[in-house]
Amino acid sequence: MTLIETYHLEVREGEMRVQAFMMSDTVARHTLDRLEQTAVPGLVQSSIDRNSLDWDVRILVINDQALVLRDSNHGVMDSLAGQTLIRPEVISAINRQYASVFRRDEYALNVAVSINDEINDRVGAVVLIADVSDISYTVANIRNTLLLYSLAVGLVVVVLVFFISHRLIAALRTIMKVIQRMAVGQLNVRIPVTSKDEYAILSRAFNNMAEKLEQQEKTRDEFVSNVSHEMKTPLSAIKVLSESILTLDSVPEDVYREFFQDITNEVDRMTNINNDLLALVKVDQREQSIHLTTINLNGLVEDILKRLSPLAEKKKVVLLYEEVRRIEIDADDVKLALAISNIVENGIKYTPRGGTVKVVVDSDGQFAHITIQDTGIGIPEDEQDKIFNRFYRVDKTRDRDTGGTGLGLAIARSTVHMHNGSIKLTSTPEEGSVFVLRIPIRK
Ligand code: ADP
């Protein structure tokens, strides 16, 4: 039995019960005895206001012997009047218990209540039998409507699923094609973005990644070509020098010495480049290679200046140190020392005799400020951004004399970024340069 059918039957039973109790009251007033002896025509019909009912009901009045005294179907062929009706609901009602039975074969609902004829101290029963086939129609109707709706919804869902999955599969195919092309080295391919949905978000993220990969590939190619270019100069110098020695017959010893000194200088130059490249690779590994400890920044700077003072003396450059504040900072001491040292060394290298390089250590509470100021040759404004690029030098010929590799500032910038800090440069040609390193005190 479906829920809908149960619900309708319960509602109908409730209505019938009310009617049955009203009937039982009316009958009790006429007393069962009188009913047994006399016919009271119309009693059964008038007790129920049939207009109030939109269903067909048959009413039986039964005495305590289960004998049917009245049947609203009187005069009809199947009238039960005068017959004994042994049915569970009749027995229950005679025993003063309400009962209802639904007979599916007849599609009839039987409701039985007892009649309490207190005047004669007798009990009887009123049985209401209702044809509830209308409920079966209603249920069938609802079931059909639901089925129709379910079919319609099902159809819509199937169509939607088909379209969505078709779109998704098409989108995934496009992504797959782009990935396959990237896998064979075509890094310039991108996924076309036409919609505004999740697929577009994914495509944009993918395109972003592809962009970065392409950029990295470009940087790597440039880097390799820069390295080979840098190595080419000392290598060809060595070749020229050694070939010259080989072609000369009897050469004085001091000429030999001079040539070999030049060869040694070129080898030193290659060693410097190699060391700087190794340092750069290390700082490029970023998070993996950073070891933060709490260090005394002033001590670190003092050590750097002590180490560089022979170079400053040799170049007749005055090296000054000013400590505005003493600062403890969370940093990788080895890497930070290399960064500061590269900038101070540049100051000494690019400052003529009699000039000054001054280092100031200060803080604003949140950041440490390390200022390296020189009275050197300065850097033209349009070069100021470029000097942090790998192998970039303002004056290539002069830098060969100073032994620069063009990697010092690239190392310094990577290191400072690694510490979540920044470098600011202000410089005026022929007057000098100021580099300010700003590094968070706590990680
Ligand atoms: P290098 O090893 O050549 O010094 P860097 O990366 O340290 O390489 O510096 C890049 C270039 O920036 C230098 O070659 C130089 O031309 C310029 N430069 C760096 N620091 C200074 C400075 N304090 N004064 C003038 N020029 C500088």
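We count residues from 1, following the sequence as given. Counting starts at 1 for both ligands and their atoms, in listed order.
Here Ile343 has no heavy atoms under 4.0 Å from ligand 1, in either its backbone or its side chain. At a heavy-atom cutoff of 4.0 Å, ligand 1 is contacted by no atom of Glu383, backbone or side chain. In Tyr392, the part holding a heavy atom less than 4.0 Å from any atom of ligand 1 is the backbone.
Below 30°, between 30° and 60°, or above 60°: for Phe21 and Tyr98 the angle between ring planes is below 30°, a parallel geometry.
At under 3.5 Å, a nitrogen or oxygen of Gly406, whether backbone or side chain, sits near a nitrogen or oxygen of ligand 1. Note: an N/O pair closer than 3.5 Å links Gly408 and ligand 1 by distance alone. The shortest N or O to N or O distance between Leu409 and ligand 1 is under 3.5 Å.
In this structure, Glu253 pairs ionically with Arg257, as a charged nitrogen and a carboxylate oxygen lie closer than 4.0 Å. Between Arg393 and Glu230 there is a salt bridge, since at least one side-chain N of the basic residue sits less than 4.0 Å from a carboxylate O of the acidic one. Salt bridge status for Glu5 with Arg143: absent, with no side-chain N to carboxylate O gap under 4.0 Å. A salt bridge does not link Glu266 with Lys239: every distance from a Lys NZ or Arg NE/NH1/NH2 to an Asp or Glu carboxylate oxygen is 4.0 Å or more.
When the options Asn389, Val394, Leu407 are ranked by their closest heavy atom to atom 17 (C) of ligand 1, first place goes to Val394.
Counted by atom type alone, Asn207 and Glu211 present zero donor-acceptor pairs between their side chains at under 3.5 Å.
Residue Lys349 places a heavy atom less than 4.0 Å from ligand 1.
The distance from ligand 1 to the heavy atoms of Ile377 drops below 4.0 Å at these ligand atoms: 25 (C). Of all the atoms in ligand 1, the ones that sit under 4.0 Å from a non-hydrogen atom of Ser433 are 24 (N).
Judged by distance alone, the side chain of Glu13 and the main-chain N or O of Val111 form no donor-acceptor pair under 3.5 Å.
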